[in-house]
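Each residue takes its place number in the sequence, starting with 1.
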Amino acid sequence: MTGAQRAFGAAGALAAVGLSAAVWGTCIERYLFTVRRHELALLPPGSPSLTVLHLSDAHMAPWQHRKQAWIAEVAERVQPDLVINTGDNLGHEDGLRGIRTAFAPLGGVPGAFVHGSNDVTGPSPRNPLRYFQGPSQRPHRGVDLDTAAMDAYFRDDLGWVDLNNAASVIDVAGLRLDAFGVSDAHRDWDDLGVLPGELDDIRRHPWWQRSPAPTALTVGVTHAPYRRVLDAFTDLGADIIFGGHTHGGQVRIPFSRSALVANCDIPRDQARGLSTWTHDGRTVPLNVSAGLGHSIYAPVRFACRPEVSVLTIRATSSVDSA
């Protein structure tokens with residue numbers, strides 16, 4: 001075999017591998033929805049365990065019936081005590097129709113939500129190679145979405161609290177949770193300066209004096225887990241932080257702990273899953289969901305299956321605190 005023949009054969013093999021990877025990522029893996037489970041001891045001794053369903057980055061389009069059915073089935077099967085939604089629910093101007101189908105079983109389950117940019121503006125075509133240059137900066141040029149209708153569905157139909165630059169008390173299985181959050185930090189919509197006042201307000205408001213139980217858990221919620229947000233949340237006393245936005249990198253090197261990109265300044269080995277965040281000597285659990293979807297203009301997942309997170313949060317014990 002000549003050198004030219006060997007080179008041609010190697011090029012052909014490489015092309016075959018590339019084609020196989022493309023077919024896997026676009027036609028198979030993006031439909032391989034999975035549940036990522038974690039267990040943490042954070043609640044006061046004697047508290048009942050809580051099951052938390054963390055949803056993120058559905059990027060829903062109305063024709064994505066497989067995704068809608070899977071989310072609804074998981075909601076029925078998990079029977080969560082609390083839902084945390086970290087944004088980017090919509091992926092199309094008619095995406096709310098699919099969200100209603102997917103989230104219907106969660107009506108009446110306590111929950112909280114924040115916005116990602118794709119809850120406000122629809123997706124637009126982008127060059128994916130630009131993500132290797134750092135977090136995307138070009139504003140979205142897609143259509144304006146009906147954010148008000150989505151928020152009304154979450155608040156009025158499902159009963160979730162809006163944590164976009166706000167704080168609220170959530171009653172979950174008889175436990176008081178103090179929750180706070182920010183709107184999409186990737187678009188600089190976060191207003192961290194309002195949160196201390198928001199937290200002070202919910203902690204001294206007369207309405208809550210009817211329920212004198214102390215706070216069992218303080219929860220921080222953000223779409224994009226930028227360092228400035230995680231640092232501020234830690235300073236504000238969050239016992240656990242939830243984020244999304246990264247898609248886990250969306251395309252990863254198989255078996256690598258680090259994402260190739262995170263589209264924000266979080267360390268790439270924390271772009272997916274449960275880790276910890278430390279600031280000024282205080283360490284808190286951080287759960288970043290790789291999310292359920294993708295832009296309709298980038299329909300691929302490789303070595304990064306679409307996911308929801310289910311966290312079992314139980315009471316601490318003397319063993320845990322030792």
(message) Set out, in order, the CA-CA distance, both residues' side-chain angles and the distance that settles side-chain contact (heavy atoms from CB on, under 4.5 Å) for Asp146 and Leu96, then state yes or no.
(response) CA-CA 8 Å; Asp146 195 345; Leu96 182 56; 5.9 Å; no
(message) Minimum heavy-atom separation for Gly111 and Ile170, please, with both atom names.
(response) O-CD1, 4.1 Å
(request) Examine distances only and state if a side-chain atom of Thr34 and a backbone atom of Arg305 form a donor-acceptor pair shorter than 3.5 Å. (result) no
(request) Under the salt bridge (Lys or Arg N to Asp or Glu O under 4.0 Å) rule, collect the residues that match up with Glu39, sequence neighbours excluded. (result) Arg314
(message) Any side-chain to backbone donor/acceptor pair from Arg268 onto Ala259? Under 3.5 Å, distance only.
(response) yes
(message) Rounded to the nearest 0.5 Å, what separates atom CG in Leu195 from atom CG in Leu163?
(response) 9.5 Å
(request) Please test His245 against His223 for ring-ring contact (aromatic ring centres under 6.0 Å, His included), starting from the C-alpha separation and ending with a verdict. (result) CA-CA 6 Å; His245 175 70; His223 174 65; 5.0 Å; yes
(message) Check whether Glu307 reaches the backbone of Ser289 with its side chain - one donor and one acceptor, N or O, closer than 3.5 Å.
(response) no
(message) With heavy-atom distances below 4.5 Å as the criterion, would you say the side chains of Asp178 and Val169 are in contact?
(response) yes
(message) Strictly by side chain to side chain donor-acceptor pair (under 3.5 Å), give each pair with a member in residues 89-99 just once, sequence neighbours left out.
(response) Asn85-Asn89, Asn89-Asp119, Asp94-Arg97
(message) For the backbone of Thr218 and the side chain of Asp239, can you confirm whether one donor and one acceptor N or O come within less than 3.5 Å of each other?
(response) yes
(message) Nearest 0.5 angstrom please: Asn118 CG to Asp88 CG, how far?
(response) 4.5 Å
(message) Tell me if a side-chain donor or acceptor on Gln270 pairs with a main-chain N or O of Pro267 at a distance below 3.5 Å.
(response) no
(request) Quick one: pull up CG in Leu53 and CG in Leu82 and give me the separation to the nearest 0.5 Å. (result) 9.0 Å
(request) Kindly check if the number of other-residue, nucleotide or ligand heavy atoms within 6.0 Å of CZ (Arg37) is above 12? (result) no
(request) Output yes when a side-chain donor or acceptor of Asp57 lies under 3.5 Å from a complementary backbone atom of Gly293, and no otherwise. (result) no
(request) Look at the side-chain heavy atoms of Ile, Leu, Val, Met, Phe, Trp and Tyr, link any pair under 4.5 Å apart, and say whether Ile71 and Tyr31 land in one connected group. (result) no
(message) Name the residue from Asp191, Asp265, Asp188 that meets the salt bridge (charged side-chain N to carboxylate O under 4.0 Å, His left out) definition with Arg228.
(response) Asp188
(request) Kindly say whether Ala58 contributes a backbone atom to a donor-acceptor pair with the side chain of Lys67 at under 3.5 angstrom? (result) yes
(message) As a quick check of understanding, evaluate side-chain contact (heavy atoms from CB on, under 4.5 Å) for Leu217 and Leu175, giving each step before the final call.
(response) CA-CA 8 Å; Leu217 194 71; Leu175 298 176; over 6 Å; no
(request) Report the residues that fulfil side chain to side chain donor-acceptor pair (under 3.5 Å) with Thr278, sequence neighbours left out, ordered by chain and then residue number. (result) Thr283
(message) Could you report the tightest heavy-atom contact between Val288 and Ala271, atom names first, then the distance?
(response) CG1-O, 3.5 Å
(request) Measure the CG-OG distance between Leu42 and Ser49 for me, rounded to the nearest 0.5 Å. (result) 11.0 Å
(request) Output, in order, the C-alpha distance, side-chain angles, deciding distance and verdict of side-chain contact (heavy atoms from CB on, under 4.5 Å) for Phe103 and Asp157. (result) CA-CA 10 Å; Phe103 291 1; Asp157 292 36; over 6 Å; no
(message) The criterion is side-chain contact (heavy atoms from CB on, under 4.5 Å); which residues satisfy it with Asp162, sequence neighbours excluded?
(response) Phe113, Asp151, Arg155, Asn164
(request) Taking all heavy atoms of Pro48 and all of Leu43, pick out the closest pair and write down the distance. (result) O-CD1, 3.3 Å
(request) Test Val308 against Val78 for side-chain contact (heavy atoms from CB on, under 4.5 Å), laying out the working first. (result) CA-CA 11 Å; Val308 300; Val78 170; over 6 Å; no
(message) In the structure I gave you, are the side-chain heavy atoms of Ile84 and Asn287 within less than 4.5 Å of one another anywhere?
(response) no
(request) Specify the closest pair of heavy atoms between Tyr153 and Ala104, including all atoms of both residues, with the distance to one decimal. (result) OH-N, 3.8 Å
(message) Quick check: do Val74 and Arg77 have side-chain heavy atoms less than 4.5 Å from each other?
(response) yes
(request) For the pair Trp160 (side chain) and Val109 (backbone), establish whether a donor and an acceptor sit closer than 3.5 Å, ignoring hydrogens and angles. (result) yes
(message) Determine whether a donor-acceptor pair (N or O, by modelled atom type, separation under 3.5 Å) exists between the side chain of Thr316 and the backbone of Pro44.
(response) no
(request) Report whether Val120 and Val114 are members of the same hydrophobic cluster (ILVMFWY, side-chain heavy atoms less than 4.5 Å apart, transitive linking). (result) no
(request) Answer yes or no: is there a side-chain heavy-atom contact under 4.5 Å between Leu236 and Leu192? (result) no
(message) My understanding is that only one of His59, Arg272, Arg301, Arg252 makes a side-chain hydrogen bond (donor to acceptor under 3.5 Å, both in side chains) with His247; could you say which?
(response) His59
(request) Compare every heavy atom of Asp184 with every heavy atom of Ala224, then report the nearest pair and how far apart it is. (result) CB-OD1, 3.6 Å
(request) Find out whether Cys304 and Gln250 are in side-chain contact, i.e. whether some heavy atom of one side chain is under 4.5 Å from a heavy atom of the other. (result) no
(message) I need the Ile240 CD1 to Ile313 CD1 distance, nearest 0.5 Å.
(response) 4.5 Å
(request) Measure the shortest side-chain to side-chain distance between Arg227 and His279 over non-hydrogen atoms and say whether it is less than 4.5 angstrom. (result) no
(message) Measuring only between side-chain heavy atoms, which start at C-beta, is Pro80 closer than 4.5 Å to Val52?
(response) no
(request) Hey, could you give me the OG/CG distance between Ser117 and Leu90, rounded to the nearest 0.5 Å? (result) 11.0 Å
(message) I'd like to check the ring pair (Phe, Tyr, Trp, His ring centres under 6.0 Å) partners of His54; sequence neighbours left out, ordered by chain and number.
(response) Phe242
(request) Taking all heavy atoms of Pro110 and all of Val172, pick out the closest pair and write down the distance. (result) CB-CG2, 4.1 Å
(request) For the pair Arg282 and Asp231, find out whether any cationic side-chain nitrogen is under 4.0 Å from an anionic carboxylate oxygen. (result) no
(message) Could you check whether any side-chain N or O of Asn165 sits under 3.5 Å from a backbone N or O of Trp189, counting only pairs where one atom can act as donor and the other as acceptor?
(response) yes
(message) Once ring pair (Phe, Tyr, Trp, His ring centres under 6.0 Å) is applied, do any residues pair with Phe33, and if so which ones, sequence neighbours excluded?
(response) Trp70
